[in-house]
Amino acid sequence: MAASVHNFNVLRRPAVFKRLYRLQYCSSARACAKNVAAETELSVKKEHCGGKKSFHKVLEERKEEAERSLLISCPSNTCEKTFLQHLSRRGDVKKYFFYESFGTYAVVEFAKKEDVLSILETASIPYLQHEAAVPFKSRLLSLKTDKLGNMSNPRSSLQLSSQTSVSVNDLIKKLNKGYSIDQQLHLLTEAFQLTEENIRLRFLVCSLLRDIAASYFPECDIKPFGSSVNGFGKLGCDLDLFLDLDGISETTPKQVGSYSLEYQVKRKSTERAATQSILSVIGECIDQFGPGCVGLQKILNARCPLVRFSHQPSGFQCDLTANNRVAIKSSELLYLYGQLDERVRALVFSVRCWARVQGITSNIPGAWLTNFTLTMMVVFFLQKRSPPMIPTLDHLQKLAGPMDKSVMDGNDCTFVSDLTKVSVQNNTESLEHLLLGFFEFYGNFDFNKLSIDIRKGKEQTKPEASPLHIQNPFQLSLNVSKNVNTKQLQRFVLLCQESAWLAQQKAVAQPNNATGDVPWGLAALLLPMTAPAQSKKKRRDSPASRIKDLLESLKSSKSKDGSNVEKSSPKRH
């Protein structure tokens, strides 16, 4: 065991370097203390008595976990027991897991931040014989061993946490074994939703990137938003990040006598120009000095400027923005809806999967519907139920208290964050009934004249000529579905009509054989269809032929290796 102490290539660095690094790491933590304290004060009052936590509380806890964690690249034959024993000599390991992404990695959470510092003090900058190393110290480490076999075991088999979802073909087989359509929707949600390990990894990547940005802005924060935190994220979805600088500029000036001091700053013509400059510099720093960050693109002229890159150790495609505060509130709103009723998440996951299989959504930006658009349509549909299943945004705004007041970029983003203040709706519809209702609702919706508005939960007259108009809940002048063209909207409507008809066929609505090899229920709806051109009357005359076509479609799809797997849209959350 004594030899294992050297597995991180420990060097006796001068004490001054250790003190400097400790000072840098701790001062960065203190710099964020004001933001954390403010969020803590707000979130303490917002935890659900039934175990459901407020959005702010969840983000706070995840961030704190990430700051006590390390990401370590390990040899594939690492001995788990020896690995943990080695780390435990320097700190108390609280949780850990292994996964694969361009190699084998371990996420290790320690009980205290001091344990992380203790481990980092034993790590060294690697010596490269033919290359020059950038001496940037981060919490992304590589496990090394001086003596072969010291920490490895050729017969060892690490338990790896899956970071990808199942293929649609495998999902269909799993759904066929369900005993009801309601259970099928829950099985689909369990198969596609982010795992505990994947969520931890996402917050750890945010924390690692924040360490880089802190070189320029010590009091900044990097927060995830969108699918990573709103409760509707699918394994494999992109990691959307927000560089939060608000905590720096919100400091109240302190006047002593008749004098006060303020920082001299570089001035830009507009906030957008400042955002572009900041992202350009931070992006360059990530590209040049961020371990594992590759393929960076600066997309600074977009409506919302961003930098895009791949974080290879985690396998995430990352999009970093710096002036996208409203997106955080949108994430919180969807999180709240998902927490109010478990049927919301199950229905959203199923509709999204159905849409991806049918080619209604796409990974490539274009005229297709997006995952965010579909989620808004599900929310609106559930607000329209009788009785409503979830409340309107206007109602949530009326329940808000003084601490919930939020105005961002001139937009009123106020709504209640305490789930205990929101009454449970008296709607007991089954998921099977809701799924069929969704297809029927939008298969007959008058998109030519009406707009979707989740603030009021009522159809509004379309204010513009776009084929599909869904009002942004916080930026009321914006249409979140402005990209959708007439062809794609018509295809969506026709497939809704086809799916509604198919779901009502007896051969599809119930299991119809003992072997379970005939797709039924939700599984049948996940087989690719062709948007029909013939009338409904003609289709009703030949249900048997439709089922036969679906079975043949399933057989042909088995030859493909999960090519229809849904992936969350990278840009719309």
Non-neighbouring partners of [X] that pass side-chain contact (heavy atoms from CB on, under 4.5 Å), sequence neighbours left out:
X      : value
Glu432 : Ile181, Asp182, Ser430
Ser280 : Lys298, Leu300
Lys329 : Glu332, Ser406, Met408, Cys413, Phe415, Phe474

Basic-acidic side-chain contact under 4.0 Å: [X], [Y]:
X      : Y      : result
Arg308 : Asp238 : no
Glu65  : Arg62  : yes
Lys63  : Asp221 : yes
Glu459 : Lys384 : yes

Would you say the side-chain atoms of [X] pair up with the backbone N or O of [Y], donor to acceptor, closer than 3.5 Å?
X      : Y      : value
Gln184 : Leu175 : yes
Arg272 : Cys304 : no
Thr321 : Asn324 : no
Ser451 : Lys462 : no
Ser481 : Leu468 : yes
Ser101 : Gln312 : yes
Gln488 : Trp368 : no
Asn427 : Pro387 : yes
Gln358 : Met529 : yes
Asp404 : Gly401 : yes

Under the salt bridge (charged side-chain N to carboxylate O under 4.0 Å, His left out) rule, collect the residues that match up with [X], sequence neighbours excluded.
X      : result
Arg345 : none
Lys398 : none
Glu342 : none
Arg343 : Asp341

Nearest heavy-atom neighbours spanning [X] and [Y]:
X      : Y      : answer
Cys318 : His311 : SG-CB, 4.0 Å
Tyr337 : Val379 : CE1-CG1, 3.8 Å
Ala191 : Leu171 : CB-CD1, 4.0 Å
Lys234 : Ser165 : NZ-OG, 2.8 Å
Leu334 : Thr375 : CD2-CG2, 3.9 Å

### ring pair (Phe, Tyr, Trp, His ring centres under 6.0 Å) contacts in which one or both residues fall within residues 315-336, not counting sequence neighbours
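Listed once each, the pairs are Phe55-Tyr335.
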#### Entry: Pairs touching residues 377-401 that satisfy ring pair (Phe, Tyr, Trp, His ring centres under 6.0 Å), sequence neighbours left out
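Listed once each, the pairs are Phe381-Phe438, Phe381-Phe441.
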### Task
Could you label the plane-to-plane angle of the Phe232 and Phe349 rings as parallel, tilted or perpendicular, counting under 30° as parallel and over 60° as perpendicular?
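Correct class here is tilted.
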With a 4.5 Å limit on heavy-atom distance, are the side chains of [X] and [Y] in contact?
X      : Y      : value
Phe309 : Leu209 : yes
Leu522 : Ser350 : yes
Tyr99  : Asn198 : no

### Query
If you measure only the distance, is there a donor-acceptor pair under 3.5 Å linking the side chains of Ser499 and Gln497?
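Side chains of Ser499 and Gln497: no pair found under 3.5 Å.
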Once salt bridge (charged side-chain N to carboxylate O under 4.0 Å, His left out) is applied, what residue pairs with a partner in [range] remain, sequence neighbours excluded?
range            : value
residues 434-453 : none
residues 366-380 : none
residues 421-431 : Arg385-Glu429

### Task
For this output row, return yes or no: ring centroids of Trp501 and Phe439 closer than 6.0 angstrom.
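Aromatic pair excluded; centres sit 6.0 Å or further apart.
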### Query
Do you know which of Lys223, Arg210, Glu219, Arg325 makes side chain to side chain contact (heavy atoms under 4.5 Å, CB included) with Asp244?
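Of Lys223, Arg210, Glu219, Arg325, side chain to side chain contact (heavy atoms under 4.5 Å, CB included) with Asp244 is met by Lys223 alone.
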### Task
Can you measure from CG (Leu306) to CG (Leu243) and round to the nearest 0.5 angstrom?
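That separation rounds to 12.5 Å.
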